[in-house]
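Everything on this sheet refers to the single structure shown next.
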Amino acid sequence: MTQAPVRPDQPGTHADEADILDLAREKVLERGEPLTQAETLSVLQLGDDRLTDLLQLAHDVRMKWCGPEVEVEGIISLKTGGCPEDCHFCSQSGLFTSPVRSAWIDIPSLVEAAKQTAKTGATEFCIVAAVRGPDKRLMSQVAAGIEAIRNEVDIQIACSLGMLTQEQVDELAAMGVHRYNHNLETARSHFPNVVTTHTWEEREGTLRMVREAGMEVCCGGILGMGESLEQRAEFAADLAALNPDEVPLNFLNPRPGTPFGDLDVLPASDALRAVAAFRLALPRTILRFAGGREITLGDLGAKQGILGGINAVIVGNYLTTLGRPAEADLDLLVDLQMPIKALNDSI
Ligand code: SF4
């Protein structure tokens with residue numbers, strides 16, 4: 001059977017694909033303007049044969065609008081597991097059979113972790129708790145932890161403690177928390193398929209209070225949770241509307257015992273295409289590789305991502321899964337001649 005010849009102006013042909021990259025070069029690289037949702041979708045629909053060009057463009061955009069520095073962060077879980085929420089990707093939910101049990105770490109261990117993080121050259125240390133939102137006990141542990149770290153370690157402190165009340169936002173700002181992480185996780189239209197115990201709008205409300213209180217907003221999510229390409233583009237636009245200081249991009253690492261435990265891992269080319277598309281939708285934002293990249297992208301992934309739009313990494317282990325050794329990422333940055341962002345650049 002012979003196929004009808006493909007006209008160069010048909011959707012999805014190479015002529016179209018070249019057009020979106022030309023448009024992105026002119027709009028994002030030259031003028032620093034973000035792609036729209038529809039344009040981001042066109043990028044996500046590019047074929048694998050255009051991936052190298054796309055990654056190069058995303059890298060050029062990152063170098064022009066963010067510079068060569070890479071921001072390094074360490075994270076520590078103050079309270080692990082036993083969360084009452086049902087985020088379907090999360091092994092820390094107490095509602096699933098996943099093997100993460102509830103546990104707290106003490107203040108000396110927190111300070112030690114901050115010291116180790118600072119030794120890598122990292123500028124941010126993020127204190128994380130698996131909770132819907134903090135209670136009085138957690139807030140007082142965080143206050144004590146921040147004070148102890150401040151006394152011994154020169155590092156900026158971020159927190160990720162779930163949904164906040166206005167009073168809690170004000171307390172964290174008064175403690176000197178530099179940045180607050182609260183992920184929207186996925187597109188608004190896909191969120192009810194991922195979480196049923198709270199809403200996307202509740203999450204967004206916390207982020208708005210954080211911004212108004214003067215803390216930096218860190219907000220990202222997880223790719224590969226069954227969202228369509230349209231929803232991936234919608235998510236990038238949702239994030240761009242918030243104008244976050246940082247976007248951590250995770251890739252689903254399906255955890256046994258969670259509702260998403262049987263989902264397929266995102267193919268490496270889809271993950272890299274998404275990283276580049278998010279860079280073009282968020283040209284000036286710190287775009288951080290977070291969890292799941294080892295399983296999605298393998299050993300080469302760090303290099304391809306850092307040369308494809310990423311400008312921040314988490315060193316060491318994640319909350320419930322192992323990452324690459326800190327030295328591997330730091331050596332890579334030396335190889336690529338990308339300096340670690342210095343503490344005094346950002347304060
Ligand atoms: S993602 Fe956060 S809120 Fe959701 S179950 Fe996990 S720890 Fe709880």
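One-based numbering, in listed order, for ligands and for the atoms of each. Predicted, not measured: the structure shown is a model, and the values here were computed from it.
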Using a strict 4.0 Å cut-off to heavy atoms of [X], name the atoms of ligand 1 that fall inside it.
X: Phe89; value: 1 (S)
X: Ala130; value: 7 (S)
X: Cys83; value: 3 (S), 5 (S), 7 (S), 8 (Fe)

| task | Could you tell me which non-hydrogen atom of Arg279 sits nearest to which non-hydrogen atom of Val61, and how far apart they are? | result |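 Heavy atoms of Arg279 and Val61 come nearest at CD-CG1, 4.0 Å.
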| field | Protein non-hydrogen atom found under 4.0 Å from atom 2 (Fe) of ligand 1 | value |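 So far as the 4.0 Å threshold goes, atom 2 (Fe) of ligand 1 is out of reach of every protein heavy atom.
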| query | Where does Cys90 meet ligand 1, judged by heavy-atom distances below 4.0 Å: at the side chain, the backbone, both, or neither? | reply |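 The side chain, only.
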| field | Arg284 (side chain) donor-acceptor with Gly32 (main chain) under 3.5 angstrom | value |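 Side chain of Arg284 to backbone of Gly32, a donor-acceptor pair under 3.5 Å: yes, one is there.
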| For Ile149, which of Ile107, Leu110, Asp154 qualifies under side chain to side chain contact (heavy atoms under 4.5 Å, CB included)? |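 Exactly one candidate clears the test, Leu110.
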| task | Determine whether more than 12 heavy atoms belonging to other residues, nucleotides or ligands lie under 6.0 Å from atom CD of Glu167. | result |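 Open: at most 12 neighbouring heavy atoms sit under 6.0 Å from CD of Glu167.
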| request: Starting from atom 4 (Fe) of ligand 1, find the nearest protein heavy-atom neighbour and note its residue, name and distance. | output: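 Among all protein heavy atoms, the one nearest atom 4 (Fe) of ligand 1 is Cys87 SG, 2.2 Å.
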| Audit row: Asn181, Val128, side-chain contact (heavy atoms from CB on, under 4.5 Å) steps and yes/no | CA-CA 9 Å; Asn181 163 259; Val128 181; over 6 Å; no
